[in-house]
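Chain naming here is simple, since letters A, B, ... match the order of the sequence lines and numbering starts at 1 in each.
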2 protein chains.
Amino acid sequence: MINVKGKSPKHSPQAGIRCDDCPIQNVCFPKELSHQELKDISAASVKHRIVHQGEFLCHAGERFSSIYVVHSGFFKSIKRFYNGYEQIIGFQMSGDVIGLDGIASNSFASDVIALETSEVCLIDYTTIESDTTVKKLHRHFDKVFSREIIRLQNMTLLLGGMNANQKIAAFLINLSKRFEKLSYSPSEFYLRMTRVELASYLGLTNATISRTFTQFKNHDLIKTSGRKIIIHDYEKLLSIILDNSLTQGF
Amino acid sequence: MINVKGKSPKHSPQAGIRCDDCPIQNVCFPKELSHQELKDISAASVKHRIVHQGEFLCHAGERFSSIYVVHSGFFKSIKRFYNGYEQIIGFQMSGDVIGLDGIASNSFASDVIALETSEVCLIDYTTIESDTTVKKLHRHFDKVFSREIIRLQNMTLLLGGMNANQKIAAFLINLSKRFEKLSYSPSEFYLRMTRVELASYLGLTNATISRTFTQFKNHDLIKTSGRKIIIHDYEKLLSIILDNSLTQGF
DNA sequence: CGGAGAGTTGACAAAAGTCAAACACGGTGG
DNA sequence: CCACCGTGTTTGACTTTTGTCAACTCTCCG
C-alpha cells in the first residue's frame with residue numbers, strides 16, 4: 001500500500017491577499033466583471049488562508065461550503081477506498097480549483113494536502129448562488145456537474161489502481177447497481193457493448209476481458225453466454241475489488 | 001489501435017416523451033419544483049430525440065447548446081487523441097447525463113454514439129441560466145466545472161491508454177505547460193512531489209518512475225537531479241506520447 | 001557524523017499484451 | 001434450407017511490461 005498520507009492539520013492563519021490585484025483573478029471571476037463588481041463580490045464571498053506543508057486543506061467527508069483556488073503553493077488530492085487503498089487523483093498548483101467534488105453531497109469527496117506552504121482563496125459557494133427562481137435549477141445542475149466529477153475521480157482510481165480482475169469485477173458491480181436503480185434485475189442483464197469496447201473502457205485488451213470472464217465463470221462468480229451476464233456471487237465480486245490478496249488467491 | 005468508432009449519423013427524429021410523467025424526471029429537474037414549474041420549464045427548454053444504433057448523439061468539437069439526458073437506451077462516449085488513438089471514457093444509460101464537457105469551450109469534448117436505439121432529452125443550456133447579475137458568476141463556475149471534467153477525462157485517457165514512458169512524458173509536458181502559463185520556466189523546474197506520490201498519481205510504482213527517468217536521461221530527453229527537472233528535448237517527449245512505436249524504439 | 005527519508009538499481013516474478021488460430025452466431029442470398 | 005460471410009468471442013503460445021522485494025546510495029539536517 002502506497003503511503004500518500006498527510007500530517008494532522010495545525011493552525012491555519014489568514015493570508016494577506018487582495019483579489020483586485022491578484023494575477024490569477026480571472027480564475028475566480030469572469031473577465032466581464034467591472035472593477036467595482038469584483039471588489040464587492042470578493043469582499044462578500046472570498047476569504048484567504050495559509051496552509052503549511054503536510055496540512056490538510058480539506059478532508060473527505062468534511063462539510064462543503066467553499067470552493068478553493070490555489071493562490072500559491074502546491075497540493076495533492078487523494079481519494080481513499082474502504083479497504084484503506086488510497087491514490088492521488090490530482091496535483092494542484094497556482095490557479096487550480098479545489099473542492100468542486102463537494103457540491104453533489106455537500107461534503108468533500110477527497111482529501112487535499114499541501115506539499116509545500118501554500119495560500120488558497122476560499123470562494124463562499126452559498127453567496128455566489130442567484131436569488132431568482134432559476135436558482136433551484138442552477139443548484140441542481142451544479143450537483144449534476146459534481147457527480148460527474150466524482151464519477152471520473154472514481155474512474156481514475158479504477159484505471160490507476162486496479163488489476164484486470166478488479167476492474168472487471170468493479171465494472172460488473174457498477175452495472176448491476178445501475179440496473180437495479182432502474183428496477184431491472186441486478187443479477188441478470190445483457191451487456192450492450194462488445195468486448196473490445198469494454199476493453200477500451202477499462203484500459204485492457206479484449207483478450208484479457210475474455211480470459212477474466214472465463215476465470216470468473218470457472219469460479220462460479222458469474223455465468224456468461226455472449227453478452228448475457230448472470231451474477232452468482234455478488235459478495236465475492238465485491239471482495240475481489242476490495243481485497244487485492246483475494247485476487248491472486250483464486 | 002482499438003476500433004471504437006460509430007457509424008456516420010443518419011436522420012434523427014423526435015421522440016414522444018413528456019417530462020411530467022417521466023420516471024427519471026428527478027435527474028433533469030430538482031425535486032422541489034412544483035408540477036406547474038416543471039411543465040413550464042420543460043416546455044420552454046426540453047426537447048427529445050431518437051438516436052439509432054451506431055449514430056452519433058454529438059461529435060467532439062461540435063457546437064454545444066444542450067445537455068443530454070438518456071431517457072432509454074445505451075451510449076458510449078469516446079475521447080480521441082491527435083494521433084488517432086481513441087478510448088472509451090464512459091458508458092451512459094437511462095438517467096445518465098451527457099454533454100457536461102461542452103460548457104467550458106462551447107463545444108463538446110468527446111464523441112457520443114448510441115450502442116442501441118435510444119431516446120434522449122435535450123435540456124437547452126442557455127434557457128436555464130438566470131437573468132440576474134450573478135448569472136455571469138454562475139456561467140463562470142459552470143466553465144470551471146466543465147474544465148475539471150475535461151481534465152479528468154484526459155486523466156482516464158492517460159491512465160487507461162498509456163504505458164509508463166507515455167504517462168511520464170505526458171506528466172512532464174503537462175507540468176511544463178502549467179509552469180509556462182504561470183510565467184515560470186517551462187524547461188527547468190522542481191517537482192514538489194515524491195516519486196511515490198508521482199507513482200500513485202500515474203498508476204505506477206516508484207521503481208518504474210525512477211527507471212523511466214533514468215531511461216529519459218540516458219537518451220538526453222531530460223536531466224534530473226533529485227526533484228529538479230530540466231527538459232532538453234520537448235519535441236521528443238511529445239512524440240513519445242503521441243507515437244506508441246517510438247516508445248519502444250529508443 | 002549519523003540517521004532518516006527519498007531515490008536508484010538489480011534480480012526475479014507476475015500480469016497483461018500480442019498475434020494468430022479456432023470457434024460461435026446471426027444474417028443474407030443462392 | 002443451408003452454405004457462406006462478417007463480426008465478435010475465446011483460447012493458446014509466447015513476449016513485453018511492469019511490479020515486487022531488497023540492497024544500496026544519496027542528500028539533507030540536526
Side-chain angles (χ1 to χ4, degrees), chain A residues 1-7 53-54 85 87 115-116 158-169 190-218 222-229 240 244-250, chain B residues 1-7 53-54 76 85 87 115-116 158-169 190-200 202-218 222-229 240 244-250:
Chain A
M1 190 113 316
I2 303 161
N3 177 22
V4 285
K5 284 195 178 68
K7 298 170 195 167
Q53 188 192 105
Y85 176 76
Q87 187 178 315
L115 291 182
E116 61 185 7
L158 178 143
L159 290 170
M162 294 187 182
N163 62 29
N165 284 342
Q166 292 176 306
K167 285 175 176 179
I168 291 170
Y190 281 89
L191 299 179
R192 311 299 161 89
M193 68 290 291
T194 67
R195 299 285 191 267
V196 172
E197 288 171 330
L198 193 47
S200 166
Y201 182 59
L202 297 177
L204 298 167
T205 58
N206 58 337
T208 303
I209 303 276
S210 258
R211 274 189 256 270
T212 307
F213 273 160
T214 306
Q215 200 186 352
F216 282 2
K217 267 196 291 195
N218 292 342
I222 61 172
K223 193 178 285 183
T224 74
S225 77
R227 306 260 178 107
K228 183 171 188 185
I229 304 279
I240 287 175
N244 251 312
S245 60
L246 242 182
T247 315
Q248 336 291 14
F250 80 130
Chain B
M1 190 115 314
I2 304 160
N3 176 23
V4 284
K5 285 194 178 63
K7 298 170 194 168
Q53 188 193 107
K76 62 178 173 184
Y85 175 75
Q87 187 178 316
L115 291 182
E116 62 184 8
L158 179 142
L159 290 170
M162 294 187 183
N163 62 29
N165 284 342
Q166 292 176 307
K167 285 176 177 179
I168 291 170
Y190 281 89
L191 299 179
R192 311 300 162 88
M193 67 289 290
T194 67
R195 300 285 191 268
V196 171
E197 288 171 329
L198 193 46
S200 166
L202 297 176
L204 298 168
T205 59
N206 59 338
T208 302
I209 303 275
S210 256
R211 274 189 259 271
T212 307
F213 273 160
T214 306
Q215 201 186 352
F216 282 3
K217 267 196 290 196
N218 292 343
I222 62 172
K223 193 178 285 181
T224 73
S225 77
R227 306 256 178 112
K228 183 172 187 184
I229 304 279
I240 288 175
N244 250 311
S245 60
L246 242 182
T247 316
Q248 338 289 16
F250 80 130

(message) Without decimals, in angstroms, what is the distance between A/Leu198 CG and D/dT9 P?
(response) 9 Å
(message) On a heavy-atom basis, which atom in A/Leu159 and which in A/Gly203 lie closest, and how many Å separate them?
(response) CD2-N, 4.0 Å
(request) Measure the distance from CE on B/Met162 to P on D/dT18 and round it to the nearest whole Å. (result) 13 Å
(message) What verdict does the side-chain contact (heavy atoms from CB on, under 4.5 Å) test give for B/Lys217 and B/Ile222, after you've listed the backbone C-alpha separation in whole Å, the side-chain angles of each residue and the deciding distance to 0.1 Å?
(response) CA-CA 5 Å; B/Lys217 267 196 290 196; B/Ile222 62 172; 4.3 Å; yes
Show me the protein contacts with nucleotides 18-21 of chain C, counting only N or O atoms at under 3.5 Å.
| residue | atom | partner | partner atom | Å |
| --- | --- | --- | --- | --- |
| C/dT18 | O4 | A/Arg211 | NH2 | 2.8 |

(request) Report the distance from atom NZ of B/Lys223 to atom C1' of C/dT8, rounded to the nearest whole Å. (result) 19 Å
(message) In this structure, how many angstroms lie between the P atom of D/dT11 and the CD1 atom of A/Ile209, rounded?
(response) 14 Å
Under 3.5 Å, which N/O atoms of the protein pair with N/O atoms of nucleotides 5-7 of chain C?
| residue | atom | partner | partner atom | Å |
| --- | --- | --- | --- | --- |
| C/dG7 | OP1 | B/Arg227 | NE | 2.9 |
| C/dG7 | OP2 | B/Arg195 | N | 2.8 |

(message) For A/Lys167 versus A/Leu158, what's the shortest heavy-atom pair and its separation?
(response) CE-O, 3.7 Å
(request) Taking all non-hydrogen atoms of both residues into account, name the closest pair between B/Phe216 and B/Ile168 and its distance. (result) CE2-CG2, 3.9 Å
(request) Provide, to the nearest angstrom, the distance between the CD atom belonging to A/Gln215 and the P atom belonging to D/dT9. (result) 19 Å
(message) Between C1' on D/dC28 and NZ on B/Lys228, what's the gap in Å once rounded to a whole number?
(response) 17 Å
(request) Would you mind reading off the distance between A/Phe213 atom CZ and D/dG8 atom P, rounded to a whole angstrom? (result) 16 Å
(request) For A/Asn163 and C/dG17, give me the distance from atom CG to atom C1', rounded to whole Å. (result) 15 Å
(request) Would you check if the side chain of A/Ser225 reaches a backbone N or O of A/Lys228 as a donor-acceptor pair within less than 3.5 Å? (result) no
(request) Report the distance from atom NZ of B/Lys76 to atom CE of A/Met193, rounding to the nearest 0.5 Å. (result) 10.0 Å
(message) Would you compute the distance between atom CG of B/Asn165 and atom CG of B/Leu204 and round it to the nearest 0.5 angstrom?
(response) 9.5 Å
(message) Here's a test for you: under side chain to side chain contact (heavy atoms under 4.5 Å, CB included), which of B/Thr214, B/Thr194, B/Leu202 qualifies with B/Ile209?
(response) B/Leu202
(request) For residues A/Arg195 and A/Ser210, report the shortest heavy-atom separation together with the two atoms involved. (result) NE-OG, 4.5 Å
